Number of protein chains: 2
Amino acid sequence: MTDTVHSQIADEHRELLDQILDKWSLLVLDKLCESPRRFNELRREIPAVSQKSLTASLRRLERNGMIRRDVVNTRPLAIRYEISPLGHTLQDLIDALFDWTSAHMDEVAASRDHFDAENDPR
Amino acid sequence: MTDTVHSQIADEHRELLDQILDKWSLLVLDKLCESPRRFNELRREIPAVSQKSLTASLRRLERNGMIRRDVVNTRPLAIRYEISPLGHTLQDLIDALFDWTSAHMDEVAASRDHFDAENDPR
DNA sequence: CGGGATCCTGCACGATACTG
DNA sequence: CAGTATCGTGCAGGATCCCG
């Protein structure tokens with residue numbers, strides 16, 4: 001196998017992860033792994049996300065098969081977003097990522113302070 | 001604890017992950033976990049990355065304490081980038097992420113095709 | 001060799017207003 | 001309630017040129 005083949009594969013990985021690891025999707029997936037939610041429930045639980053971005057994130061996750069969008073025909077109509085089996089395979093990974101940030105947040109912050117202090121605070 | 005406290009914490013996680021999971025850092029970290037590299041070695045191994053983006057990614061990783069930058073005083077001078085102990089704690093996670101993409105790439109692609117076929121290919 | 005400095009572009013994201 | 005439509009912005013990221 002040549003280097004270019006390797007890097008093509010690596011690039012596919014990157015693109016795929018880019019799709020899933022967008023600004024909000026991890027938070028959304030985390031919530032949906034817990035239990036199905038409705039649109040405005042997610043908005044309330046992730047206050048920093050705009051309605052447009054949440055819509056986009058949900059669409060992308062749905063397109064990639066990570067979540068399912070169920071239309072419940074009531075009045076007014078309700079929409080349930082729920083994790084898919086494929087999305088569920090990410091749960092452990094997501095938990096591990098959040099655990100990692102919890103465990104190393106301070107360490108990273110300290111490193112940042114140190115770096116900023118050394119590199120021209122001019 | 002209130003909702004806002006929860007979401008603030010979640011937001012810190014998101015920001016931290018955003019720092020680390022930028023477009024190229026996972027690929028860079030993956031290489032550096034294997035062995036130290038020099039700047040142009042990384043460029044060659046990740047052909048899609050531009051020089052500017054690689055520089056930025058390395059700087060960010062260094063600032064966050066994930067990698068170390070060693071200046072070797074030869075002529076011409078050489079720079080060794082190597083994984084730090086903190087960065088090393090991410091290795092298993094990164095491996096797991098790449099394993100996940102390898103395992104589910106086809107599934108995701110199929111889901112995408114299905115989604116695109118259903119939603120107005122007009 | 002390992003970058004820095006500039007210029008430029010797209011697109012991610014937010015704000016706001018409106019709708020079935 | 002769950003969006004769509006439109007507008008505006010920043011900033012990530014590529015292209016190019018230059019430097020010790």
Side-chain angles (χ1 to χ4, degrees), chain A residues 7 10-11 14-28 31-32 36-64 67-82 115 118-120 122, chain B residues 7 10-11 14-28 31-32 36-64 67-82 115 118-120 122:
Chain A
S7 50
D11 210 52
R14 196 192 57 64
E15 283 182 40
L16 187 49
L17 287 175
D18 265 8
Q19 286 284 319
I20 290 151
L21 302 178
D22 77 348
K23 194 173 182 182
W24 304 107
S25 52
L26 280 185
L27 257 24
V28 172
K31 299 293 181 189
L32 293 185
R37 310 284 164 117
R38 303 179 53 175
F39 188 83
N40 282 339
E41 284 178 328
L42 287 170
R43 282 201 73 181
R44 255 171 274 128
E45 292 180 302
I46 314 174
V49 72
S50 72
Q51 162 269 6
K52 177 182 172 180
S53 300
L54 181 55
T55 302
S57 197
L58 289 168
R59 280 283 179 283
R60 182 139 77 195
L61 288 172
E62 186 194 359
R63 189 169 104 97
N64 286 314
I67 64 175
R68 271 200 305 255
R69 181 176 182 274
D70 283 357
V71 180
V72 185
N73 261 327
T74 54
R75 302 295 315 201
L77 80 151
I79 312 264
R80 278 176 74 251
Y81 290 97
E82 62 183 341
F115 184 93
E118 293 237 320
N119 296 56
D120 39 71
R122 67 178 88 122
Chain B
S7 49
D11 211 53
R14 195 193 55 65
E15 284 181 37
L16 187 50
L17 288 175
D18 266 8
Q19 287 283 319
I20 292 152
L21 303 179
D22 77 348
K23 194 173 182 183
W24 303 107
S25 52
L26 281 185
L27 257 26
V28 172
K31 299 293 182 190
L32 293 185
R37 311 283 165 117
R38 302 179 52 175
F39 188 84
N40 281 338
E41 286 179 328
L42 286 169
R43 282 200 75 179
R44 254 171 275 127
E45 293 180 301
I46 315 173
V49 71
S50 71
Q51 167 270 339
K52 176 183 174 179
S53 300
L54 181 55
T55 301
S57 197
L58 289 168
R59 280 283 179 285
R60 182 139 78 195
L61 288 172
E62 187 194 0
R63 188 169 104 98
N64 286 314
I67 64 176
R68 271 200 305 255
R69 181 176 182 274
D70 282 357
V71 180
V72 184
N73 261 327
T74 54
R75 301 293 317 196
L77 81 153
I79 312 262
R80 278 176 74 251
Y81 291 97
E82 63 184 339
F115 184 93
E118 294 237 318
N119 295 56
D120 37 72
R122 68 177 89 122

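Lettering of chains follows the sequences in order, A, B, ..., and the numbering in each one begins at 1. Keep in mind the model is a prediction, meaning the values are calculated, not measured.
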Nearest whole Å is fine: how far is dG3(D) P from Asn119(B) CG?
13 Å
Phe39(B) has an atom CZ; how far is it from atom C1' of dG4(C), in whole Å?
11 Å
Looking at dC7(C), dG3(D), dA15(C), which one has an atom nearest to any side-chain atom of Lys52(A)?
dA15(C)
I need the minimum non-hydrogen distance between Arg14(B) and Trp24(A), along with the two atoms involved.
NE-CZ3, 3.3 Å
Could you tell me, to 10°, how much the axis swings from one end of the helix from dC1(C)-dG20(D) to dG20(C)-dC1(D) to the other, five pairs per end?
50°
Nearest-nucleotide pick for Tyr81(B), side chain only, options being dG2(C), dC1(D), dG3(C)
dG3(C)
Residues which pass side-chain contact (heavy atoms from CB on, under 4.5 Å) with Ile79(A), listed by chain and number, not counting sequence neighbours
Arg69(A), Val71(A), Leu77(A), Tyr81(A)
Out of dC1(D), dC1(C), dG14(D), minimum distance to the side chain of Ser53(B) belongs to dG14(D)
For Asp18(B) and dA12(D), give me the distance from atom CG to atom P, rounded to whole Å.
11 Å
With sugar-phosphate meaning primed atoms plus P, OP1 and OP2, does Arg60(A) contact a base, only sugar-phosphate, or nothing at under 4.0 Å between heavy atoms?
nothing
For Arg37(B) and dG2(C), what is the distance between atoms CZ and P respectively, to the nearest whole Å?
13 Å
Do the side chains of Leu42(B) and Leu27(B) get nearer than 4.5 Å, heavy atoms only?
no
Salt bridge between Arg60(A) and Asp22(A), side-chain N to carboxylate O under 4.0 Å?
yes
Just compare dG14(C), dG2(C), dG3(D) and give me whichever is closest to any side-chain atom of Arg38(B).
dG2(C)
Does the pair Arg68(A)/Glu62(A) count as a salt bridge with the N-to-O cut at 4.0 Å?
no
Atom CD of Gln51(B) and atom P of dG2(C): how far apart are they, to the nearest Å?
12 Å
Lys23(A) side-chain proximity, nearest of dG14(C), dG3(C), dG14(D)
dG14(C)
Leu54(B) has an atom CG; how far is it from atom C1' of dA15(D), in whole Å?
16 Å
Taking dC1(D), dA2(D), dG14(D) as options, the one with an atom nearest any side-chain atom of Arg69(A) is dA2(D)
Provide, to the nearest angstrom, the distance between the CD atom belonging to Glu41(A) and the P atom belonging to dA2(D).
8 Å
How would you label the contact of Arg80(B) with the nucleic acid (heavy atoms, under 4.0 Å): base, sugar-phosphate, or nothing?
nothing
Distance col, row Leu21(B):CG vs Leu26(A):CG, nearest 0.5 angstrom, shows 7.5 Å
Separation between CD1 (Ile67(A)) and CG (Leu32(A)), nearest 0.5 Å, reads 6.0 Å
Any side-chain heavy atom of Asn64(A) sitting closer than 4.5 Å to one from Phe115(B)?
no
Winner on side-chain proximity to Leu77(A), out of dC1(C), dG20(C), dG3(C), is dG20(C)
Of Pro76(A) and Ser50(A), the one whose closest DNA chain C nucleotide lies more 5'
Ser50(A)
For Leu58(B) and dA12(D), what is the distance between atoms CG and P respectively, to the nearest whole Å?
16 Å
